[in-house]
2 protein chains.
Amino acid sequence: MLDSTFPEVRSLDLFADMSDESYAKLMRGAYLQTFPPHVDLITEGEEADFLHVLVLGSVDLFSSWNNRETSVSIVKPVSTFILAATIRDARYLMSARTMEKSRIVMIPSQDVREIFDLDAGFARAVVVELAACYRSVIKTTKNLKLRTALERLANYLLSRSKDHNGAQHFALDLEKRQLASVLGMTPENLSRAFKALQAYGVAVSGENVELSDITELEKFAKPTTLIDDNQT
Amino acid sequence: MLDSTFPEVRSLDLFADMSDESYAKLMRGAYLQTFPPHVDLITEGEEADFLHVLVLGSVDLFSSWNNRETSVSIVKPVSTFILAATIRDARYLMSARTMEKSRIVMIPSQDVREIFDLDAGFARAVVVELAACYRSVIKTTKNLKLRTALERLANYLLSRSKDHNGAQHFALDLEKRQLASVLGMTPENLSRAFKALQAYGVAVSGENVELSDITELEKFAKPTTLIDDNQT
DNA sequence: CGAGCTCTTGAGGTCATTCAACTCAAGTGG
DNA sequence: CCACTTGAGTTGAATGACCTCAAGAGCTCG
């Protein structure tokens, strides 16, 4: 049970535009829970009983088939996951595990659907969030189908650089094995790919990345807002 | 301009639950248009001025980067496309072209967003549709990252067989070059993949497919509802 | 019947994976 | 304090998957 004393949750885009009454109803059956690192939160194939909202930490959304596993996306605060399964009252398509200590709000799916019908502000927020998720996955698909692994890595680095205000030097926010999985390659191949990008001024040491010639790297990577941007 | 005399449109899932008044408003600025085959409808990067609803025919949603092109998905009636861009008032992430003669309803994006706020039934339908689109792309991503080209083809064939009530014999509904693009491979590789699947009872002649041993093919392809089903 | 397709086939190369060994850094426990 | 362990990351060699380029086969349609 969760009362309205969590301004960090109330002020999320998803909840900001709804009435106090609707918010109270939504939170009546909700939990705010803190999980240790490397804990399984959900398993693909299960029913989507709860909408999850990540408030703090980070979560890996991954999927398995035939003894293979791949990371579909990494969730950072503040965002929801498995919104689509909640809406459709369907089964999870991805599993989720915490990567670090994480704080998560869990809202019963049925309540989400109920309040959606009652509160137009919430409905609009859900749709906007969902549309953003959709566009993000489309970009992932384009990235996978139109680019080689090397190109994906180059664009990933440029994208992280942009996140740091275009800094030439920054730290990877993922373990390399994890990054490899997100980019759709093996850890070994990632290692070689980093070496191959030395030709474009990329130097990596541990988690530290140095892009000494961003212009040259961009000439190779050809980033585009239609694949690489996170917003819109 | 489109009056309410198109029951085929009015009865679409997306519009079925809305009031007559909202529907009338929505259709006030809408067009119902018929396009010849192989016509470009939209180009990625443009602003999403219209929501498109495919009533008849088929449409290819594709994307380009660096002189490469890939088919992201094929739209069959009755469904919408670029709903997410419409919602977010953003730019198209994909281009669209007709594959055959197609009838399409085009609704101004602004009207869609307006009516969304006014009509709860419509809002709910939009969200359900969008969630379905999202889940479908997630499945595409999993398919691409977890399976080899051969496995993707095998599962595609099983999926088409299911569409025909589990028939052993059916016709491909796509040109092979198009199918190759959807599956993320080259036409040449598709050709070879068909040959490789002969070992599992697959025979192809022109557009005709014969699956003489579905059990054996399934043992290889390992289909799962978490990747291969179209619904839920 | 020839023009223009798609589709197929072959040869060769590139990209990426597998498997195994090795490095390195960070604990752990004697 | 130092071996021992552990796990991530790297490197190498061999293999496999997939692509490119080029040419030929089979279709369809005027």
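Predicted, not measured: the structure shown is a model, and the values here were computed from it. Chain naming here is simple, since letters A, B, ... match the order of the sequence lines and numbering starts at 1 in each.
The interatomic distance linking K176(B) (NZ) with dT28(D) (C1') rounds to 15 Å, in whole Å. Put simply, CZ on F194(A) is 18 Å from P on dC15(C), counting in whole angstrom units. One atom, NZ of K195(B), and another, C1' of dC7(C), lie 12 Å apart when rounded to the nearest Å. If you measure from atom CG of L183(A) to atom P of dA16(C), you get 11 Å, rounded to the nearest angstrom. The distance between atom CD of Q178(A) and atom C1' of dG7(D), rounded to the nearest whole Å, is 15 Å. Protein atom CG of L179(B) is 15 Å distant from nucleotide atom P of dT6(C), rounded to whole Å. Atom CG of L190(A) and atom P of dT18(C) are 15 Å apart (whole Å).
Formation of a donor-acceptor pair under 3.5 Å by the S109(A) side chain with backbone atoms of F50(A) is found in this model. Between the side chain of S181(A) and the main chain of R177(A), no donor-acceptor pair closer than 3.5 Å is present. No donor-acceptor pair closer than 3.5 Å links the side chain of S73(B) to the backbone N or O of L61(B). Put simply, the side chain of S102(A) never gets that close to the backbone of F35(A): no donor and acceptor are under 3.5 Å apart.
For the pair R160(A) and Y156(A), the cation-pi test (distance below 6.0 Å, angle within 45°) is passed.
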Could you walk me through whether S159(A) and D228(A) pass side-chain hydrogen bond (donor to acceptor under 3.5 Å, both in side chains), step by step? CA-CA 7 Å; S159(A) 189; D228(A) 301 291; over 6 Å; no
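Atom CD1 of I82(B) is separated from atom CE of M94(B) by 8.0 Å, given to the nearest 0.5 angstrom.
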Got a list of protein N/O to nucleotides 19-23 of chain D N/O distances below 3.5 Å?
residue : atom : partner : partner atom : Å
dC19(D) : OP2  : T186(B) : N            : 3.3
dC19(D) : OP2  : T186(B) : OG1          : 3.3
dC19(D) : OP2  : N189(B) : ND2          : 3.2
dT20(D) : O4   : R192(B) : NH2          : 3.0
dC21(D) : N4   : E188(B) : OE2          : 3.1

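Side-chain contact check for L93(A) versus V72(A): every heavy-atom pair is 4.5 Å or farther apart.
Residues from residues 142-160 of chain B lying near DNA chain D, meaning a heavy-atom separation below 4.0 Å, are T148(B), A149(B) in numerical order.
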